Q: 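Below is the structure I would like to discuss, written out as structure tokens.
Side chains included, hydrogens not; waters and symmetry mates left out as well; all remaining heavy atoms used. Model, not experiment: these values are computed from the prediction. Residue numbers begin at 1 in each chain, while the letters A, B, ... track the order of the sequences.
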Protein chains: 2
Amino acid sequence: MELVKIHECLCDRTRLRLLHVLLQGPLCVCHFQDVLREPQVKISKHLAYLRTRGLVTCSREGNWMVYRLEAKPTSVLRANLACLQDCAREEPVFRRDLARLHRLAPVIASTGPCGCGPAAC
Amino acid sequence: MELVKIHECLCDRTRLRLLHVLLQGPLCVCHFQDVLREPQVKISKHLAYLRTRGLVTCSREGNWMVYRLEAKPTSVLRANLACLQDCAREEPVFRRDLARLHRLAPVIASTGPCGCGPAAC
DNA sequence: TGCGAATATTCTTTAATAGGCATATGAATC
DNA sequence: GATTCATATGCCTATTAAAGAATATTCGCA
């Protein structure tokens, strides 16, 4: 994928936050809602955006849709995600997301990223 | 500057190219025209865009405006520019720009980045 | 002071984007 | 089969952005 295309994906705050959280591991939409504190539509649409552009994939687990980073990213994408992870350290929005994600960890650990049991995904 | 803001600057092909070329050193608008092969308005506007957001600075040298990368970039900006330089290697557009820039090198060497003499800038 | 060269700005059109609301889909459960 | 939960999509609006044409500015020089 072209470099510009990647940056088009990265030039929206919500998408940056989604990708940043996904760097920690797969997650379902409802957990994204908890972590980002943003409405379902917003999250769902941006995930769809990222999916159609090949940055993330998703799989259905019962009622839940689990999103994860593309398994075989291009080197360019990989570089940019690494850069994101690095830069995000400095900004409160991202740190807050991570804090909420970690607070959610016990739940995720017991239910899996999709609430469907620890082994399922 | 916020990470999103940086990415907003990077999500346009022309601006990516401008920054990528600037990583090689300062340059004036007319040389940018030669290197990118894009109309003056387009280049001038995008440079203004980058200037107002603090990614580049400029100084007048006679009739010429010499643009250069911000001298004291934030660590986040620095990381992203490094990433750009890295990724650009893989894409023909950027390589072509560099090729034309280097073909221009003798001119720049004899006139300076602004055509105003080698020592002036 | 008037002209030409390099660059910037204004204006307009066109296209893309995000966001929200309402609604649709799809799976699970009763 | 109806309901419910999780998620996706369609439609609408408001905002933003890019590009080009034309014009303005700023400087150097005759």
Side-chain angles (χ1 to χ4, degrees), chain A residues 2 4-19 22 26-53 56-68 104 107-108 111-117 120-121, chain B residues 4-18 22 26-53 56-68 104 107-108 111-117 120-121:
Chain A
E2 263 189 301
V4 200
K5 293 297 166 193
I6 292 183
H7 280 294
E8 283 169 3
C9 291
L10 299 179
C11 72
D12 176 274
R13 190 191 320 276
T14 307
R15 289 196 292 269
L16 276 179
R17 294 171 69 194
L18 289 172
L19 290 169
L22 280 176
L27 211 61
C28 74
V29 178
C30 63
H31 285 153
F32 272 121
Q33 285 179 249
D34 293 339
V35 170
L36 302 202
R37 296 193 186 286
E38 295 281 358
Q40 181 260 325
V41 204
K42 194 167 174 179
I43 289 179
S44 187
K45 270 190 193 169
H46 282 295
L47 284 171
Y49 182 107
L50 294 172
R51 181 167 37 82
T52 61
R53 281 161 183 80
V56 308
T57 60
C58 66
S59 55
R60 178 176 281 277
E61 305 283 346
N63 269 341
W64 295 271
M65 287 295 278
V66 182
Y67 284 83
R68 65 198 76 229
L104 216 63
V107 184
I108 298 174
T111 62
C114 54
C116 55
C121 320
Chain B
V4 200
K5 293 297 167 193
I6 292 183
H7 281 294
E8 283 170 2
C9 291
L10 298 179
C11 71
D12 176 274
R13 190 190 320 275
T14 307
R15 288 196 292 268
L16 276 178
R17 293 170 69 193
L18 290 171
L22 281 176
L27 211 63
C28 74
V29 178
C30 63
H31 285 154
F32 272 121
Q33 285 178 247
D34 294 339
V35 170
L36 302 202
R37 296 191 186 287
E38 296 281 358
Q40 181 260 326
V41 204
K42 195 167 173 178
I43 290 178
S44 186
K45 269 189 195 170
H46 282 294
L47 284 170
Y49 181 107
L50 293 172
R51 181 166 36 82
T52 59
R53 280 161 184 81
V56 308
T57 59
C58 65
S59 55
R60 179 176 281 276
E61 306 283 346
N63 268 342
W64 295 271
M65 286 296 276
V66 183
Y67 283 83
R68 65 199 76 228
L104 215 64
V107 185
I108 299 174
T111 62
C114 54
C116 53
C121 320

Q: What is the distance, rounded to the nearest whole Å, between atom CE of B/Met65 and atom C1' of D/dC27?
A: 11 Å
Q: Are B/Glu8 and B/Arg53 ion-paired here, with the side-chain N under 4.0 Å from a carboxylate O?
A: no
Q: Return yes if the base of D/dA6 and the side-chain atoms of A/Gln40 contain a donor-acceptor N/O pair under 3.5 Å, otherwise no.
A: no
Q: Atom NZ of B/Lys42 to atom C1' of C/dA8: distance rounded to whole Å?
A: 17 Å
Q: In whole Å, what is the span from the CH2 atom of B/Trp64 to the P atom of C/dG4?
A: 17 Å
Q: Hey, which of these two, A/Arg60 or A/Asp12, hits DNA chain C nearer its 5' end, going by closest nucleotide?
A: A/Asp12
Q: Round to the nearest Å and state the distance from B/Lys45 atom NZ to C/dT9 atom C1'.
A: 8 Å
Q: Grab the CG-C1' distance between A/Leu36 and C/dG19 for me, whole Å please.
A: 15 Å
Q: Between P on C/dA8 and CD on B/Gln33, what's the gap in Å once rounded to a whole number?
A: 10 Å
Q: How long is the straight-line distance from OG of A/Ser44 back to CE of A/Met65, given to the nearest 0.5 Å?
A: 8.5 Å
Q: Could you check how far CG of B/Asn63 sits from C1' of D/dG28, rounded to whole Å?
A: 6 Å
Q: Taking atom P of C/dT17 as reference, at what distance in whole Å does atom CG of A/Leu16 sit?
A: 16 Å
Q: Step through the shown structure and confirm whether more than 12 heavy atoms of other residues, nucleotides or ligands are within 6.0 Å of CZ on A/Arg13.
A: no
Q: For A/His46 and C/dG19, is the shortest distance between a side-chain N/O and OP1 or OP2 below 4.0 Å?
A: yes
Q: Just to be sure I understand the rule, does A/Val41 reach a base, reach only the sugar-phosphate, or reach nothing, if contact means heavy atoms closer than 4.0 Å?
A: base
Q: Phosphate oxygens OP1/OP2 of C/dA18: is one of them under 4.0 Å from a side-chain N or O of A/Arg13?
A: no
Q: Classify the nucleic acid contact of B/Tyr67 as base, sugar-phosphate or nothing, counting any heavy atom under 4.0 Å across all strands shown.
A: sugar-phosphate
Q: Just N and O in the side chain of A/Ser44: are any of them under 4.0 Å from OP1 or OP2 of D/dA8?
A: yes
Q: Between A/Cys11 and B/Val29, which is nearer to the 5' end of DNA chain C once each is assigned its nearest nucleotide?
A: B/Val29
Q: Among A/Val56, A/Leu27, A/Leu18, A/Leu50, whose side-chain contact (heavy atoms from CB on, under 4.5 Å) with A/Tyr67 holds?
A: A/Val56
Q: Has B/Arg17 got a side-chain atom pairing as donor or acceptor with B/Leu36's backbone, closer than 3.5 angstrom?
A: yes
